[in-house]
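To start, the structure itself, in structure tokens.
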Amino acid sequence: MRQIYKEFVEELYNDQGELARFHVTADEDFNFAYDVIDRLAERSPEKRAMVWCNDHDEEHTFTFKDMKEKSDATAAFLQKLGVKKGDKVMLILKRHYEFWFTILALHKLGAVTIPATNQLQEKDIVYRINTAKITTVVCTADGVVSDAVDEAAKQCPTLTTKVIVRGKKDGWHNFDEELANAPAFVKPELNLTAEDVSMIYFTSGTTGMPKMVAHNFLLPLNHVITAVYWQDVKPDGLHLTISETGWMKAMWGKLYGQWLAEAGIFVYDMDRFHAGDVLKKIEQYKVTSLCAPPTMFNFFLLEGLEKYDLSSLQHTSIAGEALNPDVFNRFYQATGLKLMEGYGQTEAALVVGTLRHMEPKPGSMGKPIPAYEIDLVDKEGNHVSVGTTGEIVVKTGDEKHPYGLFMNYYEDEERTNAAWHDGYYHTGDMAWKDEDGYYWYVSRIDDVIKSSGYRIGPFEVESVLMEHPAVLECAITGVPDEIRGQVVKATIVLNPGYEPGEELKKELQNFVKHKTAPYKYPRIIDFVPELPKTISGKIRRSEIRKQK
């Protein structure tokens with residue numbers, strides 16, 4: 001059977017069988033819920049769409065028919081509660097399967113989905129609701145986040161409706177009861193265009209208040225490349241991307257591209273990440289493809305892969321942070337699987353990646369994907385040559401939102417224009433390109449260290465330090481210095497069994513000197529119990545720089 005995604009995209013290959021061009025052909029009124037899920041429910045009603053489980057011995061398998069029926073019922077009761085096209089609805093649902101019912105329902109209503117993590121505090125929720133003018137919150141009863149919503153609501157005049165999932169609470173509509181008593185769903189007239197917003201994500205940012213990244217209803221289509229060519233999902237397979245639904249990574253790996261490829265999605269609704277528990281689930285449910293941040297693969301290695309039967313795994317991919325080659329090599333030696341790196345942002349789908357036909361270079365992000373025209377430029381906007389560090393930019397011409405790229409920073413023209421000008425979207429990320437066209441991540445622009453005339457990217461030093469057996473995690477920052485301008489500082493979390501001290505500092509400094517250019521070695525080393533991170537897990541180098 002012709003896979004449904006081929007009805008919306010055109011794929012073109014070169015003589016070597018490599019994907020060379022990728023063109024989306026869908027109409028502007030494309031709607032993932034109607035045009036993909038409902039059609040799959042009609043075409044393959046009993047085909048497995050999702051396998052879901054949690055830490056409490058609950059387990060469910062949903063077909064595409066189930067997804068249509070549950071999303072219709074959810075749309076019907078939200079419609080009854082007054083949700084309509086353009087309304088802003090925040091979802092705080094962890095990895096509950098109700099998230100998928102609800103996001104599909106919101107697509108069917110033409111409403112704007114604003115996913116959020118359950119780690120938000122009251123002040124975070126107040127900021128998001130008031131900034132985006134959110135009218136409805138659908139929230140888990142797990143933990144205390146619903147209490148934070150109640151406190152925030154006192155300061156949020158636009159919030160009129162609250163729906164609680166997996167529990168009952170005064171002042172909240174009960175999701176299960178509303179679903180069971182939902183009226184028949186009446187499909188609204190949406191008349192969608194490329195200017196209609198379908199989703200807003202608040203970036204967690206390492207500095208400043210979060211920005212609102214707005215995407216339109218055409219976002220799902222470029223994720224065909226994400227799922228089919230990078231994650232290598234199969235129609236009869238089961239794909240796991242480790243991400244909470246509050247992050248854009250969930251849209252990359254737990255929804256759009258996978259279902260466009262008609263692949264099954266595996267969801268483990270874990271309370272906390274434990275490497276051993278995830279490996280057990282991969283073994284138990286025969287997961288065939290896996291995508292996770294490099295740090296998690298490091299924890300898998302520390303857990304001991306030899307204790308688990310991972311023979312079902314056919315493909316592994318990584319994103320979210322740069323890959324240290326040492327993790328790649330050790331995982332390959334243990335499993336025979338190569339970690340295929342990819343790069344993108346909340347603002348974009350996959351931009352650079354190691355696609356399935358490519359031979360990975362450990363530590364490289366891969367090559368620009370066929371859907372985008374990518375370049376590296378200096379601070380004046382000029383193209384830089386091979387081997388020279390520049391900013392990653394996406395050519396857009398006169399268009400502000402080609403498929404998969406965000407529309408704007410919602411209601412923030414100043415920030416939008418700062419990032420999007422002269423025909424390019426400026427990512428703010430630095431990289432260099434080798435002679436084979438592979439891109440190598442350096443750092444965020446603000447994180448480059450300038451020492452004695454040298455420009456040092458934090459990641460290159462972090463990669464070396466991660467090869468040392470004492471280092472579990474590390475972050476490299478620049479510290480002001482009267483003589484050199486800046487010097488390199490390493491903030492390090494040690495592996496169990498290692499103790500901080502001057503002797504270990506000297507050992508790590510010498511290790512870096514012998515593994516890379518000596519001027520890059522950390523003149524200052526701090527040992528800490530943990531690194532400061534954003535709620536999305538990114539290292540807050542700005543906070544480290546403030547520490548003395």
Side-chain angles (χ1 to χ4, degrees), residues 3 5-6 8-14 16-24 219-235 237-243 247-266 287-294 296-297 313-323 327-328 331-332 337-374 392 394 403-405 427 429 431 436-441:
Q3 289 184 24
Y5 77 83
K6 293 185 178 179
F8 303 106
V9 302
E10 180 183 13
E11 309 153 292
L12 299 174
Y13 301 86
N14 61 22
Q16 289 73 45
E18 300 171 340
L19 185 69
R21 285 183 58 201
F22 180 89
H23 180 65
V24 175
L219 168 66
L221 291 168
N222 255 29
H223 281 301
V224 170
I225 291 184
T226 306
V228 176
Y229 295 99
W230 176 50
Q231 296 169 342
D232 199 23
V233 304
K234 305 297 184 186
L238 196 60
H239 176 76
L240 168 60
T241 282
I242 302 177
S243 173
W247 313 123
M248 177 58 89
K249 186 69 181 302
M251 301 303 102
W252 284 42
K254 303 172 91 75
L255 180 60
Y256 292 138
Q258 295 70 35
W259 281 347
L260 276 159
E262 302 180 34
I265 296 169
F266 179 68
V287 171
T288 56
S289 54
L290 170 66
C291 185
M296 290 186 178
F297 283 97
L313 272 181
Q314 301 169 13
H315 193 85
T316 50
S317 50
I318 56 167
E321 58 195 27
L323 170 68
V327 175
F328 178 100
F331 190 81
Y332 179 63
L337 294 169
K338 300 174 181 179
L339 298 177
M340 308 294 271
E341 189 167 355
Y343 161 81
Q345 297 181 318
T346 303
E347 289 87 343
L350 191 70
V351 172
V352 178
T354 308
L355 304 188
R356 65 187 186 188
H357 63 267
M358 293 171 55
E359 182 62 31
K361 292 187 178 185
S364 166
M365 299 184 290
K367 296 180 180 181
I369 66 166
Y372 295 125
E373 186 175 344
I374 309 298
I392 303 170
V394 182
Y403 295 114
L405 208 57
T427 66
D429 287 311
D436 297 321
Y438 283 73
Y439 279 54
W440 299 77
Y441 185 78

What is the distance from atom [atom1] of [X] to atom [atom2] of [Y], rounded to the nearest 0.5 Å?
{"X": "D232", "Y": "C291", "atom1": "CG", "atom2": "SG", "result": "12.0 Å"}
{"X": "L405", "Y": "L219", "atom1": "CG", "atom2": "CG", "result": "10.0 Å"}
{"X": "W247", "Y": "I242", "atom1": "CH2", "atom2": "CD1", "result": "15.5 Å"}
{"X": "F328", "Y": "L339", "atom1": "CZ", "atom2": "CG", "result": "6.5 Å"}
{"X": "T316", "Y": "E341", "atom1": "OG1", "atom2": "CD", "result": "12.0 Å"}
{"X": "K254", "Y": "L240", "atom1": "NZ", "atom2": "CG", "result": "6.0 Å"}

Is the side chain of [X] donor-acceptor paired with the backbone N or O of [Y] at a distance under 3.5 Å, no angle test?
{"X": "E262", "Y": "W259", "value": "no"}
{"X": "R356", "Y": "V228", "value": "yes"}
{"X": "T288", "Y": "L238", "value": "yes"}
{"X": "Q345", "Y": "T427", "value": "yes"}

>> Using side-chain contact (heavy atoms from CB on, under 4.5 Å), reason through V394 and E347 one step at a time and then give a plain yes or no.
In response: CA-CA 11 Å; V394 182; E347 289 87 343; over 6 Å; no
>> For Y332, I'd like to know if atom OH has over 12 heavy atoms of other residues, nucleotides or ligands within 6.0 Å.
In response: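 Incorrect, the count does not exceed 12.
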> More than 12 foreign heavy atoms under 6.0 Å from CD of E18: is that the case here?
Replying inline: yes
>> Before you tell me yes or no, could you show the steps for E11 and Y5 under side-chain hydrogen bond (donor to acceptor under 3.5 Å, both in side chains), namely the whole-Å CA-CA distance, both residues' side-chain angles and the distance that decides it to 0.1 Å?
In response: CA-CA 10 Å; E11 309 153 292; Y5 77 83; 3.2 Å; yes
Which heavy atom of [X] sits nearest to which heavy atom of [Y], and what is that distance?
{"X": "S317", "Y": "Q231", "answer": "OG-CG, 3.6 Å"}
{"X": "A227", "Y": "G257", "answer": "CB-C, 3.3 Å"}
{"X": "P368", "Y": "G437", "answer": "CD-O, 4.1 Å"}
{"X": "T354", "Y": "G366", "answer": "OG1-CA, 3.5 Å"}
{"X": "P362", "Y": "W440", "answer": "O-CZ3, 3.4 Å"}
{"X": "A250", "Y": "S243", "answer": "N-OG, 3.4 Å"}

>> Among V24, L260, N222, which residue satisfies the side chain to side chain contact (heavy atoms under 4.5 Å, CB included) criterion with V9?
In response: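 Of V24, L260, N222, side chain to side chain contact (heavy atoms under 4.5 Å, CB included) with V9 is met by V24 alone.
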Going by heavy atoms in the side chains, are [X] and [Y] under 4.5 Å from each other?
{"X": "P235", "Y": "Q3", "answer": "yes"}
{"X": "F22", "Y": "E10", "answer": "no"}
{"X": "M340", "Y": "W230", "answer": "yes"}
{"X": "Y439", "Y": "I374", "answer": "yes"}
{"X": "M365", "Y": "I318", "answer": "no"}
{"X": "Y343", "Y": "D429", "answer": "yes"}
{"X": "L313", "Y": "L337", "answer": "yes"}

>> Please evaluate residues L350 and L355 with respect to the criterion side-chain contact (heavy atoms from CB on, under 4.5 Å), reporting the C-alpha separation (whole Å), side-chain torsions for both, the decisive distance (0.1 Å), and the verdict.
In response: CA-CA 10 Å; L350 191 70; L355 304 188; 4.1 Å; yes
>> Any salt bridge linking E359 with K338? Criterion: basic side-chain nitrogen under 4.0 Å from a carboxylate oxygen.
In response: yes
> Got a salt bridge between K361 and D436, using NZ or NE/NH1/NH2 to carboxylate O under 4.0 Å?
Replying inline: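 Yes.
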> If we ignore angles and hydrogens, is there a donor and acceptor under 3.5 Å between the side chains of T241 and H239?
Replying inline: yes
> Parallel under 30°, tilted from 30 to 60°, perpendicular over 60°: which one fits the rings of W252 and H223?
Replying inline: tilted
